[in-house]
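For reference, the structure discussed in these notes is given below.
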Amino acid sequence: MGGKKERTEGLGRALIRQQNRKAIEAKEKGRAIHLQNRKVLESYTEINEIDAIIDKSDEASLLLSSGAASDAGSSDLLISADDAGDMTAEERRQAQKEEEALYASNLKVPRRPPWNSNMSVEELDANEKQAFLEWRRKLARLEENDMLVLTPYEKNLDIWRQLWRVLERSDLIVMVVDARDPFFYRCPDLEEYALEIDEHKRTLLLVNKADLLPFNIRKKWAEYFHQHDILFIFWSAKAASAAIEGKTLIQEPESQESDLPGLDTRIYGRDELLTRLQAEAESVVAARERPSSSSSTTSEKRQVTVGFVGYPNVGKSSTINALVGAKRTGVTSTPGKTKHFQTLIISDELVLCDCPGLVFPSFSSSRHEMVACGVLPIDRMTQHREAVQVVANRVARCELERIYNIRLPNPKPYEPQNRPPTSYELLRAYCVSRGHVASSGLPDETRAARQMLKDYIDGKLPHFELPPGMDTSDTEGEDSGSGSDEEEEPEPSSGSLPDRRELEDLEEFDSGLKGSKVVKKRENKKEGSHKQHKKPQRKKDRSWRVGNDGGDGMPAIRVFQKPAVNFAAISASGRG
């Protein structure tokens, strides 16, 4: 009896161990897939040649295994083969706009393939990878057109998966944009994708940093949104966070009202925004349940979800923290801080969902413009002058001189007198005023460029874009920082003396002295002071600090010529 009982207990333990082993293997299998996806969850918009080769091989193998290679290879995109080499700059720009309008419908965000709860993890993962690779092949076909310039976009599938989950869970989609250029950060195809998921979903445009806009410009944008039936709210996460901390920011009086009835131009507070978001989300839920629900069920309060999406570094996490009232998500000036979508419960009736920032594919804007706007990290830029030139083109010359307390060189006589300053002039003037010197002894332009770009993103340098179809003449007489031509025109009468002083300061750059001390030392030299007992030191020859007589502040080119050698005399002395 004892042996039979022991054998039965041993068999039971073996069955239990086998069952536990299967459960552990299934759990480890799912965990391995999760860790694999988590390991590569890093936003990247550009890939090197080796990664491109690997992606192409993976793409070909996946498409061939699924039998979709022939479908993916055939495309309905017509690539223009016209020779554009003989076009002028204006003709090429016009042709580029026509091409962009022609292929605007092909510039879409990736769609999640259909799925259901009965699918396995492997099947769902394979379907999503295949759909994503086919989407990238279509964009690659667009890049083959020489007349189209496609901006860097998000190429990590796992980041797009976070967006898919947020769109499916949310009742109301809030697209956070920067008030200084709302259409640069808006993605119309994302609004269409939300309607494809659910026809009752609505997208609200949360215009963040609205306190950086003058009232008349904010009114113009409100009129444009109202005319085009765009749901919008003006908001400032920085002002709301300061109000929570008990600080007060300088705000313009809210007594100004719009001429159009029902036009909302005010900047919402925290409580007002929460109430508005909950009301919009509840209206979406009510519209969805109205055809199939009875009157008894519609009166019950249900929990609604509001999802926040948008470009990196537009203020999504700052908005979430301001609405929650505490720091729940990481905030940094470097784009791409949020890696996974986060669900935050505000109350029993409202839930917020924060999505990682994505760079959506678009036309026209260059990489330098995306760096200047904060979409791409500033610390990773390799061409700082091109990014600073974007700032110089958008901010008025007088504003740059006033904010940084510098004097920019005047344009040359044969140049337009209202042209914006070049990045070279702006960076050199900034380095001279701050004393930024690199280890080589030259001005540290990289450091100056990073500081200027951060000031541009934070709003220290005023700038804004007008709604489409509006001319700069509509805002004449208003206090703005858009850099109109009338503001950029320098005074010709006061150009000679500041330019000469700036050249002298540039010559004394490596001494590390400020402009006032340099001028004082120079005046003492003119008076012939007898207290200079120091031994004169030999100065290093720097080509960048050589002056010219053009009065434009640009260095001249100094040509050094080696003395000629008399080979006949050398040969004669050798014979002697």
Practice item. Quick one: do Glu445 and Arg385 satisfy salt bridge (charged side-chain N to carboxylate O under 4.0 Å, His left out)? Show the steps, please. Key: CA-CA 8 Å; Glu445 293 187 1; Arg385 286 190 178 180; 2.9 Å; yes
Practice item. Using a strict 4.0 Å threshold on nitrogen-to-oxygen distance, state whether Glu425 and Arg419 make a salt bridge. Key: yes
Review point. Under 6.0 Å between the ring centres of Phe360 and Tyr311?
Key: yes
Point to revise | Chi angles and distances behind the salt bridge (charged side-chain N to carboxylate O under 4.0 Å, His left out) call for Glu168, Arg165 | key: CA-CA 5 Å; Glu168 292 175 356; Arg165 272 64 172 179; 5.8 Å; no
Check your understanding: Just by modelled atom types, is the Ala392 backbone N or O under 3.5 Å from a matching donor or acceptor in the Arg397 side chain?
Key -> no
**Study point:** Lys412 backbone acceptor or donor facing Glu415 side chain under 3.5 Å
**Key:** yes
Review point. Under the 3.5 angstrom rule, does the side chain of Gln383 hit a backbone N or O of Met381 as a donor-acceptor pair?
Key: no
**Study point:** Gln389 and Asn393: CA distance, side-chain angles, deciding distance, side chain to side chain donor-acceptor pair (under 3.5 Å) verdict
**Key:** CA-CA 6 Å; Gln389 189 61 49; Asn393 293 338; 2.9 Å; yes
Practice item. Have a look at Glu191 and tell me which of Arg202, Arg186, Lys108 forms a salt bridge (charged side-chain N to carboxylate O under 4.0 Å, His left out) with it. Key: Arg186
Point to revise | Whether Asn106 side chain and Leu142 backbone form a donor-acceptor pair below 3.5 Å | key: no
Check your understanding: What pair of heavy atoms forms the shortest contact from Leu212 to Asp458, and how long is it?
Key -> CD1-O, 4.4 Å
Revision key, fill the gap. Heavy-atom closest pair (Leu408 atom, Ala429 atom, distance to 0.1 Å) is CD2-CB, 4.0 Å
Check your understanding: Salt bridge check: are Glu128 and Arg161 linked by an N-O gap of less than 4.0 Å?
Key -> yes
Practice item. Please report the shortest heavy-atom distance between Val371 and Ala387, naming the atom on each side. Key: CG1-CB, 4.3 Å
Exercise for review: Look at Lys209 together with Asp211 and state whether they make a salt bridge at an N to O cut-off of under 4.0 Å.
Suggested key: no
**Study point:** Pair Tyr268 + Phe234: ring centers closer than 6.0 Å
**Key:** no
Point to revise | Cationic N near anionic O, under 4.0 Å, Arg111 to Asp189 | key: yes
Exercise for review: Identify the heavy atoms of Leu277 and Val306 that sit nearest to each other, and give their distance.
Suggested key: O-CG2, 4.2 Å
Check your understanding: Taking the side chain as C-beta and beyond, is there a heavy-atom pair between His384 and Leu427 under 4.5 Å?
Key -> yes
Exercise for review: Indicate yes or no: at least one non-hydrogen side-chain atom of Leu358 is less than 4.5 angstrom from one of Val309.
Suggested key: no
Practice item. Run the ring-centre check on Phe183 versus Tyr224 and record whether the distance is less than 6.0 Å. Key: yes
Practice item. Only counting residues at least two apart or in another chain, list the ones meeting side chain to side chain donor-acceptor pair (under 3.5 Å) with Trp235. Key: Thr319
Check your understanding: So, for Lys460 and Ile403, which heavy atoms are closest and what is the spacing to 0.1 Å?
Key -> O-CD1, 3.3 Å
Review point. Taking C-beta and beyond as the side chain, do Trp164 and Pro110 meet within less than 4.5 Å on heavy atoms?
Key: yes
Review point. Are the charged groups of Glu144 and Arg141 less than 4.0 angstrom apart, N to O?
Key: yes
Point to revise | Partner set under side chain to side chain donor-acceptor pair (under 3.5 Å) for Gln94, not counting sequence neighbours | key: none
Review point. So, Phe464 versus Trp221, ring centres under 6.0 angstrom or not?
Key: no
Point to revise | Side-chain touch Pro152/Met370, heavy atoms, less than 4.5 angstrom | key: yes
Practice item. Give a yes or no answer on whether the side chain of Arg434 reaches the backbone of Tyr404 with a donor-acceptor pair at less than 3.5 Å. Key: yes
Check your understanding: Is there a donor-acceptor contact under 3.5 Å linking the side chains of Arg394 and Tyr456?
Key -> yes
Exercise for review: Determine the minimum heavy-atom distance between Val166 and Cys355, stating which atoms define it.
Suggested key: CG2-CB, 3.8 Å
Revision key, fill the gap. Contacts of Tyr193 meeting side chain to side chain donor-acceptor pair (under 3.5 Å) (sequence neighbours excluded), chain-then-number -> none
Practice item. Could you tell me whether a side-chain N or O of Ser283 sits under 3.5 Å from a main-chain N or O of Glu280, the two making a donor and an acceptor? Key: yes
